[in-house]
> 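Following this message is one structure expressed as structure tokens.
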Amino acid sequence: MRTLTGIPETQHACIEARRNGRRIGLVPTMGALHDGHLSLVRSARSQCDFVVVSIFVNPLQFGPNEDLARYPRPFDRDRQLLESEKVDLLFAPDAPSVYPEGATTFVDVEGPTAVLEGAKRPGHFRGVTTVVSKLFHIVQPDFAFFGQKDAQQAAIITKMARDLDFPLQVVVCPIVREKDGLAMSSRNAYLSPEQRKQATVLYRALSRMQTLADSGERNSSALIDAGCQVIAEEPAVSLDYLAVVDTETLQPIDDVSHGALIPIAAYVGSTRLIDNIQLHGVGEAHRLVR
Ligand code: PAF
């Protein structure tokens, strides 16, 4: 595995790979890798001949009161993990190379960025879509891999790639969960052992909603009430939002007959966690992604 920090060198290595007829897969990450990231890398490995993973803790997507400074950065461990997954190229730029002084161009996706995480974290998605566009330009992948855990991010990036005619396919991979259902996240590292147990209530709430929908409940409010009741059983967890939305526009819907995304965000102590499930429309196979 080559490790490169420079943008021109990375562009050159990717152009060279393409010239040699290799199909390029990109897995953008902020490091602190866990099995969720590694499942993206494995998907990329199985579908592509040249796998590029980026590690960049993107300052542009953190708000002023968010965890940029304390975001975990176990770089050597990450590099070893990627090496053992047979990644071809690790791209790990620093912030001044990605955002040189005077850079004032940003990518803004209107619509689905205004709700849910976008409403709670102003500017967050502008930071995500700007850095992901830059990575798309630098690497020029055929496939780019993102996790369903950040469902809103995946929907926004899919839309951005379509709207801006990026010649690549966005692949969204299923959420990877711990045995007790907690969705894997780099931010789980902030949780104390007690908070780690409390955090499983997010998945219990989603599972309860899934069970209700499977048994025929179509009404979004009824589903949300049931989910909120489960969250209330864990007083240490404070709900930020629980919603039933359209899978593409992310706008709230009243009825889940044609499928829905159910995103949740909650604080466990000062750690903000997100998770989601997707309900399939009537007639489609219902599936709880594990
Ligand atoms: O999901 C993430 O880790 C980040 O938002 C991403 C896509 C790497 C952009 O910084």
Side-chain angles (χ1 to χ4, degrees), residues 5 7 10 25-41 43-44 51-63 66-75 77-79 81-82 87 89-99 103 106-109 112-113 116-118 120-139 141 143-161 164 166 168-176 183-190 250 263 265 271-276:
T5 54
I7 292 176
T10 304
L26 169 67
V27 183
T29 82
M30 298 205 300
L33 303 177
H34 49 67
D35 278 349
H37 296 112
L38 298 185
S39 78
L40 305 182
V41 174
S43 294
V51 176
V52 181
V53 176
S54 61
I55 295 185
F56 177 60
V57 182
N58 175 29
L60 205 61
Q61 68 187 75
F62 287 77
E66 293 184 355
D67 55 346
L68 174 62
R70 72 168 182 145
Y71 199 84
R73 291 165 170 85
F75 187 73
R77 182 183 162 274
D78 286 349
R79 189 163 46 187
L81 283 171
L82 296 175
V87 165
L89 172 55
L90 166 58
F91 174 47
D94 60 15
S97 344
V98 177
Y99 302 117
F106 304 94
V107 176
D108 240 323
V109 175
T113 52
L116 305 169
E117 290 300 288
K120 298 286 175 178
R121 305 178 65 190
H124 169 67
F125 285 119
R126 182 189 202 233
V128 171
T129 46
T130 299
V131 81
V132 170
S133 312
K134 290 187 67 121
L135 292 168
F136 284 177
H137 284 301
I138 295 165
V139 174
F143 296 87
F145 297 81
F146 296 88
Q148 173 65 16
K149 152 105 180 350
D150 294 299
Q152 187 174 10
Q153 168 174 282
I156 289 166
I157 290 170
T158 303
K159 178 166 166 48
M160 177 190 80
L164 295 183
F166 279 104
L168 55 85
Q169 192 180 321
V170 173
V171 182
V172 183
C173 302
I175 298 177
V176 179
M184 289 196 183
S185 162
S186 305
R187 292 191 166 98
N188 291 352
Y190 301 150
L250 306 176
T271 303
R272 189 168 179 280
L273 298 177
I274 60 171
D275 197 351
N276 68 83

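Model, not experiment: these values are computed from the prediction. Read the numbers this way: they start at 1 and go in the same order the structure lists the ligands and their atoms. The figures here come from the full heavy-atom set of this structure, side chains too, leaving out hydrogens, waters and symmetry mates.
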> Quick one: which ligand 1 atoms are inside 4.0 Å of a heavy atom on Gln153?
1 (O), 2 (C), 4 (C), 5 (O), 7 (C)

> Do you see a donor-acceptor pair shorter than 3.5 Å between the side chains of Tyr99 and Asn58?
yes

> Is the shortest side-chain heavy-atom distance between Ser133 and Phe166 below 4.5 Å?
yes

> Please state which protein non-hydrogen atom is closest to atom 3 (O) of ligand 1 and give its distance, to 0.1 Å?
Met30 CG, 3.6 Å

> Mind checking whether Leu164 and Phe136 have side chains closer than 4.5 Å, heavy atoms only?
no

> Do you know the tightest heavy-atom contact between Val51 and Val87?
O-CG1, 3.5 Å

> What are the atoms of ligand 1, with element, lying closer than 4.0 Å to any heavy atom of Pro28?
8 (C)

> What atoms of ligand 1 come closer than 4.0 angstrom to any heavy atom of Thr29?
8 (C)

> Among protein heavy atoms, which sits nearest to atom 10 (O) of ligand 1, and what does the distance come to when rounded to 0.1 Å?
Gln61 OE1, 2.6 Å

> For ligand 1, which atoms sit closer than 4.0 Å to a heavy atom of Val131?
9 (C), 10 (O)

> Taking the side chain as every heavy atom from C-beta outward, state whether Val53 and His37 have any pair of such atoms under 4.5 Å apart.
no

